[in-house]
Amino acid sequence: MNTLDTLPVTLDDVLKAQELLEGIITKTPVESSRALGSLVGGNVFFKCENLQRAGSFKVRGAYVRMARLNEAEKKRGVVAASAGNHAQGVAVAAKSLGINARIYMPLGVALPKLAATRSHGAEVILHGHNVDEALAEAQRYANETGAVFVHPFDNVDVVAGQGTIGLEILEQIPNVDTILMGVGGGGLLAGVAVAIKAKAKELGREIRVIGVQAENAAAYPPSLAADALVPLKKVSTMADGIAVGRPGQLPFSIIRELVDDVVTVSEDSLARALIFLLERAKMVVEPAGAVGVAALMDGKIENPGNTAVVLSGGNIDPMLMLKVIQRGLSAAGRFMTVRMMLDDRPGSLATIARIIAENDANVTGLDHTRLGGSISMGDVSITINLETKGHEHGEQVLGALRAEGFQPIVVH
């Protein structure tokens, strides 16, 4: 028997999951991206799971897991923990199946995700300061009451459900060469890898499957290098959907056998990718869903060929979007904050305004203060927010200010 036949999740499991999901989920569209294709030298397609029910792929695995419960288990209800997408997926699946759902979410969870989960009919309990603490409480509740714990990624049915995305990609892009997607615990990557690698073997061809992690939440590269689960001491990323400090044991056992590579991207790269998706693809995507785009834009994928990128979710908090847009514009050289000390005399600020205008930059905000321990008598501190046209233009503005005797400091 070969590796594919001995894995805990097989192509047959994914095909059966696809049958269960018929009429339940949306077969999400695939959109081509000429702009990104031109950048990387190949054809790029987006698998738009950001347009899935509840805004992400998570409903696939949650529904398959819960549809296979027996009647006694369904009566006891289900319990889960999540900061957003898994919560909404479980809530939607529970409503479809007529099962009571109790979901633990960490304190400080984004209000849109909290409201959306409740709107699907789930009982939401706020507990703990992170997902790990919420997960522990959900597991405790399951042990105490007999409610069925629906894990976000470390379960055979969940992995099989997520793998149905791979089947859809092959149907929609038969000549695909490379498939990219984000990875947190690993359920999505493992499921898609099972489906794609088994189908590719049947077709007698190679299709690469590559995972992408935020570099400040990248538990898979060290775990794969050690061939054992290596938990992270700290996780810090805007991509909360993949902010998982320890890979799932079940997904890891599949990923280490089938996945071609796991690469990482920076927070600035993530921000740039989100701006690109908004401007060029007209897509609202959460940070975790944009990591594949970031990897392509950074040149992390060699010879991508016909590439499918899974945009895994679109549930982004508008407040986070504001911050991400500003960071993305800054990373692209289109937004800059500059701080300077000036002589406190009439005309200094007018001179700066003239220099900025002559160099075709735009002031979007200004702070002017004479107070502060670092400000000498007779001086004033100003902080200016500027719109610029890229890194070269930003350097031009800074050079013009320096040529007039000012000492601008760029504040990131």
Side-chain angles (χ1 to χ4, degrees), residues 35-36 38-40 214-216 236-239 264-282 285 287 290-291 293-300 316-412:
L36 191 52
S38 298
L39 183 66
V40 303
E215 63 183 23
N216 295 331
S236 176
T237 176
M238 70 175 81
T264 63
V265 294
S266 70
E267 297 296 289
D268 280 349
S269 294
L270 262 177
R272 283 194 296 269
L274 287 167
I275 295 292
F276 176 89
L277 286 163
L278 281 170
E279 288 189 329
R280 304 303 299 272
K282 317 306 177 196
V285 179
V291 290
V293 173
L296 282 175
M297 292 177 70
D298 279 359
K300 295 289 182 77
I316 183 168
D317 179 4
M319 292 304 296
L320 175 60
M321 182 177 283
L322 282 174
K323 297 175 184 177
V324 168
I325 288 173
Q326 185 168 344
R327 181 166 186 159
L329 291 174
S330 178
R334 293 168 55 190
F335 180 88
M336 181 167 58
T337 300
V338 177
R339 184 172 296 152
M340 287 176 280
M341 300 296 294
L342 311 178
D343 293 333
D344 190 7
R345 56 182 173 79
S348 295
L349 191 55
T351 300
I352 288 173
R354 173 183 59 79
I355 295 168
I356 291 171
E358 288 175 350
N359 285 274
D360 202 24
N362 185 42
V363 176
T364 61
L366 184 145
D367 179 70
H368 181 281
T369 182
R370 297 177 176 86
L371 304 177
S374 62
I375 302 174
S376 303
M377 291 291 292
D379 287 346
V380 61
S381 172
I382 67 165
T383 303
I384 306 176
N385 296 328
L386 296 170
E387 285 181 338
T388 52
K389 297 180 177 66
H391 292 293
E392 284 188 18
H393 184 222
E395 287 301 322
Q396 174 189 319
V397 175
L398 293 173
L401 288 167
R402 293 181 184 117
E404 293 277 356
F406 298 105
Q407 297 180 337
I409 299 172
V410 178
V411 181
H412 295 288

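Below, all heavy atoms of this structure are taken into account, side chains as well, without hydrogens, waters or symmetry copies. Please read all numbers here as calculations on a predicted model, not as lab measurements.
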Shortest non-hydrogen pair, A290 vs A273, comes out as O-CB, 3.8 Å
Do V410 and M336 have side-chain heavy atoms sitting under 4.5 Å apart? yes
The reported gap from CG in L329 to OG1 in T388 (rounded to nearest 0.5 angstrom) is 9.0 Å
Between V324 and A271 the two heavy atoms that sit nearest each other are O-CB, 3.9 Å
For T237 and A214, work out which heavy atoms get closest and say how close. OG1-CB, 3.4 Å
Are the side chains of V338 and V397 in contact, using a 4.5 Å heavy-atom criterion? no
Distance, nearest 0.5 Å, that separates CD1 of I356 from CG of L386: 4.5 Å
Quick one: CE on M238 to CE on M321, what's the gap to the nearest 0.5 Å? 12.0 Å
Does the side chain of L322 come within less than 4.5 Å of Q326's, by heavy atoms? no
Taken to the nearest 0.5 Å, the spacing of M340 CE from I382 CD1 works out to 4.0 Å
Can you tell whether the side chains of K300 and E215 come within less than 4.0 Å, N to carboxylate O? no
Minimum heavy-atom distance S381-R339, with the two atoms named: OG-CG, 4.1 Å
Give me each pair satisfying salt bridge (Lys or Arg N to Asp or Glu O under 4.0 Å) with a member in residues 264-273, each pair once, sequence neighbours excluded. D268-R327, R272-D298
Just wondering, do L342 and I352 contact through their side chains at under 4.5 Å, heavy atoms? yes
pair V293-V285: side-chain heavy atoms closer than 4.5 Å: no
From CD (E358) to CD (E404), nearest 0.5 Å: 8.0 Å
